[in-house]
Amino acid sequence: MYDELSVSFENPAADAMGYQHIYGKLLCRRDRLELQFKEKDRAFRKSDTHTVKFTYGEVERVEYVSKWFHSKSLVLQTRSPEKLEMFPGGEVGRVELQVVRGSVRHAKRVKALIEYRQSEAFVEESEDRLERSKESG
């Protein structure tokens, strides 16, 4: 099983003036998921890179969407919507990341990796609960 994945994305501007043009990466680490993004710099305004960290338990759903004549996208939905408030164009607890061509192969594998990490976390939590019940009983 693969340990870590990185998916690059670029969401084009939401309007003709070029506002909210976002680019970044979704990083699947061993113990957490990281969403790193930056708004495209403008002539008189520079933006900082934002990093949002999620545990795999906070991820509600991940879906790779591939439609004909449309860009490939990765939809991330979380149980912690407050963490995605800074993401331009995001909905409550949900963001759509338009995957760049070089990351399509990894984007297709993200859902399986996250489900695998979630199952590992569930098993670990269950084992901890059993250990605590044995100690108290």
Side-chain angles (χ1 to χ4, degrees):
M1 191 78 185
Y2 34 88
D3 283 339
E4 296 186 7
L5 285 178
S6 171
V7 177
S8 297
F9 65 90
E10 185 169 357
N11 291 6
D15 64 353
M17 295 295 292
Y19 291 108
Q20 297 183 344
H21 184 115
I22 305 295
Y23 61 95
K25 286 187 175 196
L26 179 69
L27 302 163
C28 298
R29 305 266 190 215
R30 287 184 179 201
D31 59 340
R32 69 185 178 280
L33 191 68
E34 288 182 17
L35 178 63
Q36 297 176 352
F37 63 94
K38 183 175 181 177
E39 193 168 352
K40 188 174 182 182
D41 291 337
R42 304 187 52 87
F44 299 105
R45 186 180 63 113
K46 304 290 182 196
S47 64
D48 296 327
T49 301
H50 300 282
T51 302
V52 183
K53 298 177 182 177
F54 301 97
T55 63
Y56 285 105
E58 290 177 302
V59 177
E60 187 173 321
R61 183 174 71 99
V62 175
E63 182 181 357
Y64 176 72
V65 179
S66 175
K67 296 180 181 177
W68 286 58
F69 305 111
H70 289 86
S71 59
K72 314 296 187 230
S73 62
L74 198 61
V75 177
L76 172 69
Q77 191 166 346
T78 180
R79 292 182 175 93
S80 305
E82 66 278 356
K83 290 186 175 184
L84 294 175
E85 288 176 349
M86 297 283 297
F87 194 91
E91 298 173 14
V92 178
R94 181 182 183 274
V95 292
E96 186 171 336
L97 313 171
Q98 294 185 10
V99 180
V100 298
R101 188 173 299 222
S103 291
V104 169
R105 186 173 58 99
H106 286 231
K108 290 178 181 179
R109 297 172 23 194
V110 165
K111 181 177 181 177
L113 177 63
I114 289 175
E115 288 174 351
Y116 176 72
R117 294 289 183 208
Q118 286 175 328
S119 66
E120 280 184 331
F122 178 74
V123 167
E124 187 175 309
E125 181 183 317
S126 297
E127 288 174 350
D128 288 345
R129 204 172 324 134
L130 284 172
E131 287 297 320
R132 281 185 273 147
S133 68
K134 286 180 183 178
E135 290 173 1
S136 65

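Only this structure's heavy atoms are used, side chains among them; waters, hydrogens and symmetry mates stay out. These figures come from a predicted structure and were not determined experimentally.
- Classification of the Phe9-Phe87 ring pair by plane angle, with boundaries at 30° and 60°, yields tilted.
- Across all their heavy atoms, Ile22 and Pro88 have their closest contact at CD1-CG, 3.3 Å.
- A salt bridge does not link Glu58 with Arg79: none of the charged nitrogens is closer than 4.0 Å to a carboxylate oxygen.
- The minimum heavy-atom distance linking Gly90 with Val95 is given by the pair CA-CG1, 4.1 Å.
- Side-chain N or O atoms of Gln77 include none that pairs as donor or acceptor with a backbone N or O of Glu63 at under 3.5 Å.
- A distance of 11.0 Å separates CG in Asp128 from OG in Ser133, rounded to the nearest 0.5 Å.
- Residue Arg101 holds its CZ atom at 12.5 Å from CD of Glu10, rounded to the nearest 0.5 Å.
- Annotation for Leu5 and His106: closest pair CD2-ND1, 3.2 Å, computed over non-hydrogen atoms.
- A side-chain contact (heavy atoms from CB on, under 4.5 Å) with Leu35 is found for one member of Thr78, Thr51, Leu84 and no other, namely Leu84.
- For the atom pair Lys25 NZ and Ser8 OG, the distance stands at 4.5 Å (nearest 0.5 Å).
- With salt bridges taken as basic N to acidic carboxylate O contacts below 4.0 Å, none links Arg132 and Glu135.
- Annotation: the span from Glu125 atom CD to Glu120 atom CD amounts to 13.5 Å, rounded to 0.5 Å.
- The structure places OG of Ser73 at 8.0 Å from CG of Leu97, a figure rounded to the nearest 0.5 Å.
- Tyr56 and Arg30 make their closest contact through CE1-O, 3.9 Å (heavy atoms, listed as atom of the first residue, atom of the second, distance).
- The shortest non-hydrogen separation linking Glu39 to Gln20 is OE2-N, 3.2 Å.
- For the atom pair NZ of Lys111 and SG of Cys28, the computed distance is 13.5 Å after rounding to the nearest 0.5 Å.
- With contacts defined as side-chain heavy-atom distances shorter than 4.5 Å, the pair Glu4/Leu27 does not qualify.
- Side-chain contact between Lys53 and Arg29 is absent, with no heavy atoms from C-beta onward closer than 4.5 Å.
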Next item on the list: Take Tyr23 and Val100, measure what side chain to side chain contact (heavy atoms under 4.5 Å, CB included) needs, and give me the verdict at the end.
Entry: CA-CA 10 Å; Tyr23 61 95; Val100 298; over 6 Å; no
Next item on the list: Starting from the C-alpha separation in whole Å, work towards a yes-or-no answer on side chain to side chain contact (heavy atoms under 4.5 Å, CB included) for Leu76 and Leu33.
Entry: CA-CA 11 Å; Leu76 172 69; Leu33 191 68; 4.0 Å; yes
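- Across all their heavy atoms, Lys72 and Lys67 have their closest contact at NZ-O, 4.3 Å.
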